[in-house]
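In what follows, a structure is listed as structure tokens, so that the remarks can point back to it.
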Amino acid sequence: MSNTTDKGFTTINPATEKTIKQYDYMTEDQAIKAVDNCHEAFLEWKLKPLEERATIIKAVGKALMDVEDEYAELMTQEMGKLVSHSHDEIELCAGICEYTATEGVKQLQDEVRTMENGGKGIIQQAPLGVIYGIQPWNFPLYQAIRYAIVNLMAGNGVLLKHAKNVTGSALKLKDVFEKAGLPKNLFTVLIIDHETSDKIIEHKAVRGVTLTGSSKAGEYVAQKAAKVLKKTVLELGSNDAYLVLDDADIDLAVQTSIQGRTYNNGETCVAAKRFIVVDKVYDQFKEAFVKGMKDINFGDPMDKDSKLGPMARKDLRDKIHQQVEDSVTNGATILCGGTIPEVTGYYYPSTVLGDVKPGQPAYSEELFGPVASLIKAKDNKDAMRIANDSRFGLGGGIFSKDEDKAIQLAKDHFDTGMININSYGLAHPNMPFGGIKDSGYGREHGGFGIREFVNSKSIMLNNSK
């Protein structure tokens with residue numbers, strides 16, 4: 001993305017560096033009117049029976065699959081992910097629609113309780129209102145679907161301010177929703193600048209705000225929302241640690257770690273980023289891991305033979321390269337990659353840094369791209385200590401042949417929201433997704449996200465006898 005002006009911006013294909021499309025910002029009046037229209041649509045939608053909402057949510061999943069090929073190509077053009085990964089994303093989103101349509105009806109049913117005085121209590125999960133989502137570019141469809149689907153199922157209206165470089169993907173989702181039968185204006189895309197965004201948070205019809213982004217962005221939005229007493233859900237950055245213990249299956253650990261670091265061009269909040277390997281197996285893991293990372297070739301993301309696409313924007317590539325150089329200046333060593341190739345497109349090679357220690361960006365910061373930090377630990381206990389030596393706490397992983405031991409370590413000691421054991425995964429519709437510490441708060445998926453923005457309303461009837 002480049003050529004941003006006060007009035008608008010252009011989107012850029014990161015593989016070709018060519019302009020895709022020009023967009024104009026909404027005026028503040030246009031944006032406020034869009035919020036008002038969304039609220040009007042909400043007032044009718046909230047009265048729809050759960051089963052009727054579920055039918056439309058299920059239809060959204062089908063509508064996504066109907067346009068899978070063209071949607072996948074658009075996402076790849078806008079942010080550079082491998083087209084196969086774009087297909088994965090669409091299929092995940094269709095699964096979220098199916099899960100939410102089925103489980104949402106159960107999660108949102110009225111609950112009846114007996115009162116102490118013999119009366120009856122009814123607990124309703126009532127729609128809250130219009131929910132404002134501020135979303136990043138790395139999963140153009142999933143980031144929007146993740147919060148939108150559950151909130152629509154709950155009976156809320158939904159606003160989306162998407163990252164500028166995936167504006168086309170945002171607008172296409174609006175079309176998909178409406179073709180699936182969602183009432184007009186209930187899901188609304190706002191093409192606005194940061195100043196107007198602040199006004200949207202303050203709007204009286206907006207009842208909650210959810211953001212996926214950096215910790216700094218989360219702090220800013222949380223403060224703006226708190227000032228007007230509105231709830232937030234924040235899914236922020238991370239520096240996920242994957243522990244290779246002394247009894248790990250090294251071949252499995254290496255294969256999984258390469259996937260976890262390079263999937264989606266490494267531009268994933270829950271990517272495997274720090275690889276903490278105990279001394280006993282360090283050399284064995286290092287040799288195989290570096291070799292495997294060297295074999296990850298970058299190239300045209302539309303080419304099925306490419307294993308790594310370009311980074312989404314030039315400034316993002318420049319940032320991660322600077323983090324690599326700063327880490328090297330402070331003692332890290334480049335084991336592979338680490339140089340910007342002289343080609344068209346914002347490519348950065350798969351990179352492994354060794355001798356990673358405190359005081360280096362590779363140790364303490366989020367490296368949002370295909371750069372792995374390799375850290376040696378004395379033993380299993382030391383590996384866990386290093387893993388938790390982070391201000392972040394989104395995801396992580398443990399490699400060990402003793403699954404019971406790994407589960408106990410995850411439960412008792414891993415200070416993070418999600419842990420993979422002998423595996424790597426992005427998200428599962430039936431499991432909660434979210435973090436702690438500087439990685440944010442609140443949960444999505446697994447039946448948890450659907451109750452983040454509802455009014456758990458108590459209706460009490462006294463015993464008349």
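Sequential numbering from 1 along the given sequence is applied to the chain's residues. Note that these values count all heavy atoms, side chains included, but never hydrogens, waters or copies made by symmetry.
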*Check step by step if side chain to side chain donor-acceptor pair (under 3.5 Å) holds for D29 and T27.*
CA-CA 5 Å; D29 287 345; T27 65; 5.4 Å; no
_T55 side, atom OG1; K48 side, atom NZ - distance, nearest 0.5 Å_ = 12.0 Å
*Hey, are the side chains of E452 and K231 touching, using non-hydrogen atoms and a 4.5 Å cut-off?*
yes
*Flag side-chain contact, heavy atom, 4.5 Å: L74 against K172*: yes
*Taking atom OH of Y23 as the centre, report whether more than 12 heavy atoms of other residues, nucleotides or ligands fall under 6.0 Å from it.*
yes
*Can you find a heavy atom in the side chain of Y348 that is under 4.5 Å from one in the side chain of V324?*
yes
*Keeping the roles fixed (side chain from E89, backbone from L141), state whether a donor-acceptor pair exists under 3.5 Å.*
yes
*Find out whether I20 and I12 are in side-chain contact, i.e. whether some heavy atom of one side chain is under 4.5 Å from a heavy atom of the other.*
no
*F9 six-ring centre to K164 NZ/CZ under 6.0 Å and within 45° of normal*: yes
*Does the side chain to side chain donor-acceptor pair (under 3.5 Å) test come out yes or no for S350 and T262, once each step is laid out?*
CA-CA 7 Å; S350 53; T262 60; over 6 Å; no
*asked:* Tell me whether M431 at atom CE has more than 12 heavy atoms from other residues, nucleotides or ligands lying less than 6.0 Å away.
replied: no
*Any chance you could lay out the salt bridge (charged side-chain N to carboxylate O under 4.0 Å, His left out) test for K179 and D175, step after step, and finish with the verdict?*
CA-CA 6 Å; K179 285 177 181 176; D175 290 341; 5.6 Å; no
*Go through E195 and K199 one step at a time and tell me if the salt bridge (charged side-chain N to carboxylate O under 4.0 Å, His left out) criterion holds.*
CA-CA 7 Å; E195 186 176 337; K199 299 289 186 183; over 6 Å; no
*From I90 CD1 over to H85 NE2, what is the distance, rounded to the nearest 0.5 angstrom?*
13.0 Å
_Could you check whether H321 and Y347 have their ring centres less than 6.0 Å apart?_
no
*Backbone of G435 reached by a side-chain donor or acceptor of R443 within 3.5 Å*: yes
_Ionic contact status for D66 with K62, cut-off 4.0 Å_ = yes
_Please report the interatomic distance CG(L211) to OH(Y147), rounded to the nearest 0.5 Å._
10.5 Å
*Close side-chain approach of L171 to I191, heavy-atom, < 4.5 Å*: yes
_Quick one: does any side-chain atom of K230 pair with a main-chain N or O of V206 as donor and acceptor, under 3.5 Å?_
yes
*Looking only at heavy atoms, which two atoms of Q109 and L50 are closest? And how far apart?*
N-CD1, 4.1 Å
*Considering only NZ, NE, NH1 and NH2 on the basic side and carboxylate oxygens on the acidic side, decide whether E202 and K227 come within less than 4.0 Å.*
no
_Electrostatic pair D415:K437 at N-O distance under 4.0 angstrom_ = yes
_When you measure from the side chain of S373 to the backbone of A362, do you find a donor-acceptor pair of N or O atoms at a distance under 3.5 Å?_
yes
_Within 45° cone of F139 ring axis and under 6.0 Å: K81 NZ or CZ_ = yes
*Would you say the side-chain atoms of N264 pair up with the backbone N or O of N138, donor to acceptor, closer than 3.5 Å?*
yes
*Y363 side chain to D389 side chain, donor-acceptor N/O pair below 3.5 angstrom*: yes
*State whether a side-chain donor-acceptor pair under 3.5 Å links Q125 with S456.*
yes
*Any salt bridge between K314 and D318, counting N to O under 4.0 Å?*
yes
*Check against salt bridge (charged side-chain N to carboxylate O under 4.0 Å, His left out), E98 and K58*: CA-CA 5 Å; E98 181 68 28; K58 193 171 286 191; 3.7 Å; yes
*With a 4.0 Å cut-off, would you call R146 and E235 a salt bridge?*
yes
*Give the ring-plane orientation class for F433 versus Y142, where under 30° counts as parallel, over 60° as perpendicular and anything between as tilted.*
perpendicular
*Would you indicate whether E403, at its atom CD, is surrounded by more than 12 heavy atoms from other residues, nucleotides or ligands within a distance under 6.0 Å?*
no
*Can the positive tip of K307 be found less than 6.0 Å from the middle of the six-membered ring of F298, inside 45° of the ring normal?*
no
*Over all heavy atoms of both residues, which pair between A31 and L190 is shortest? Give the atoms and the distance, please.*
O-CD2, 4.2 Å
*Between T19 and T10, does any side-chain donor sit less than 3.5 Å from a side-chain acceptor?*
no
*Distance-only donor-acceptor check, side chains Y441 and T232, under 3.5 Å*: yes
*CE of M79 to OG of S86: how many Å apart, nearest 0.5 Å?*
7.5 Å
*Could you tell me which non-hydrogen atom of F392 sits nearest to which non-hydrogen atom of S215, and how far apart they are?*
CE2-OG, 3.5 Å
*Y99 side chain reached by N430 side chain, heavy atoms, under 4.5 Å*: yes
_Under a 3.5 Å distance rule, please check whether N151 uses its side chain to pair with a backbone N or O of V158 as donor and acceptor._
no
_Test item: N265 side-chain N/O and G309 main-chain N/O as donor-acceptor pair under 3.5 Å_ = yes
*asked:* For W137 and F368, take the angle between the two ring planes, folded into 0 to 90°, and tell me which bin it lands in: parallel under 30, tilted 30 to 60, perpendicular over 60.
replied: perpendicular
*Taking the side chain from W45 and the backbone from G157, do they hold a donor-acceptor pair closer than 3.5 Å?*
no
*Atom CD of E116: over 12 foreign heavy atoms under 6.0 Å*: no
*asked:* For P361 versus D326, what's the shortest heavy-atom pair and its separation?
replied: CG-CB, 3.8 Å
*asked:* Side chains of V454 and L128, heavy atoms from C-beta outward: is any pair under 4.5 Å?
replied: no
_Whether E78 side chain and G168 backbone form a donor-acceptor pair below 3.5 Å_ = yes
*Near K405 NZ, under 6.0 Å, is it more than 12 heavy atoms from other residues, nucleotides or ligands?*
yes
*So how far is it from L367 CG to K319 NZ, rounded to the nearest 0.5 Å?*
9.0 Å
*Distance-only side-chain donor-acceptor flag, E28 / T196, under 3.5 Å*: no
_Spatial distance of atom CG (D438) from atom CG (L234) [nearest 0.5 Å]_ = 11.0 Å
*Between E44 and K46, is a salt bridge (charged side-chain N to carboxylate O under 4.0 Å, His left out) present by the stated rule, with each step listed?*
CA-CA 6 Å; E44 293 188 19; K46 73 173 185 174; over 6 Å; no
*So which heavy atom on S238 is nearest to which on G395, and how close?*
OG-N, 4.1 Å
*Flag this pair as yes if the NZ/CZ of R207 is under 6.0 angstrom from the six-membered ring centre of F453 and inside a 45 degree cone about the axis; otherwise no.*
no
*Are Y424 and S257 close enough that a side-chain donor and a side-chain acceptor fall under 3.5 Å?*
no
*Under 4.5 Å between any side-chain heavy atoms of E91 and L64, yes or no?*
no
*Do the charged groups of E103 and K106 touch, with an N to O distance under 4.0 Å?*
yes
*asked:* For Q107, is there any backbone N or O sitting under 3.5 Å from a side-chain donor or acceptor partner on R451?
replied: yes
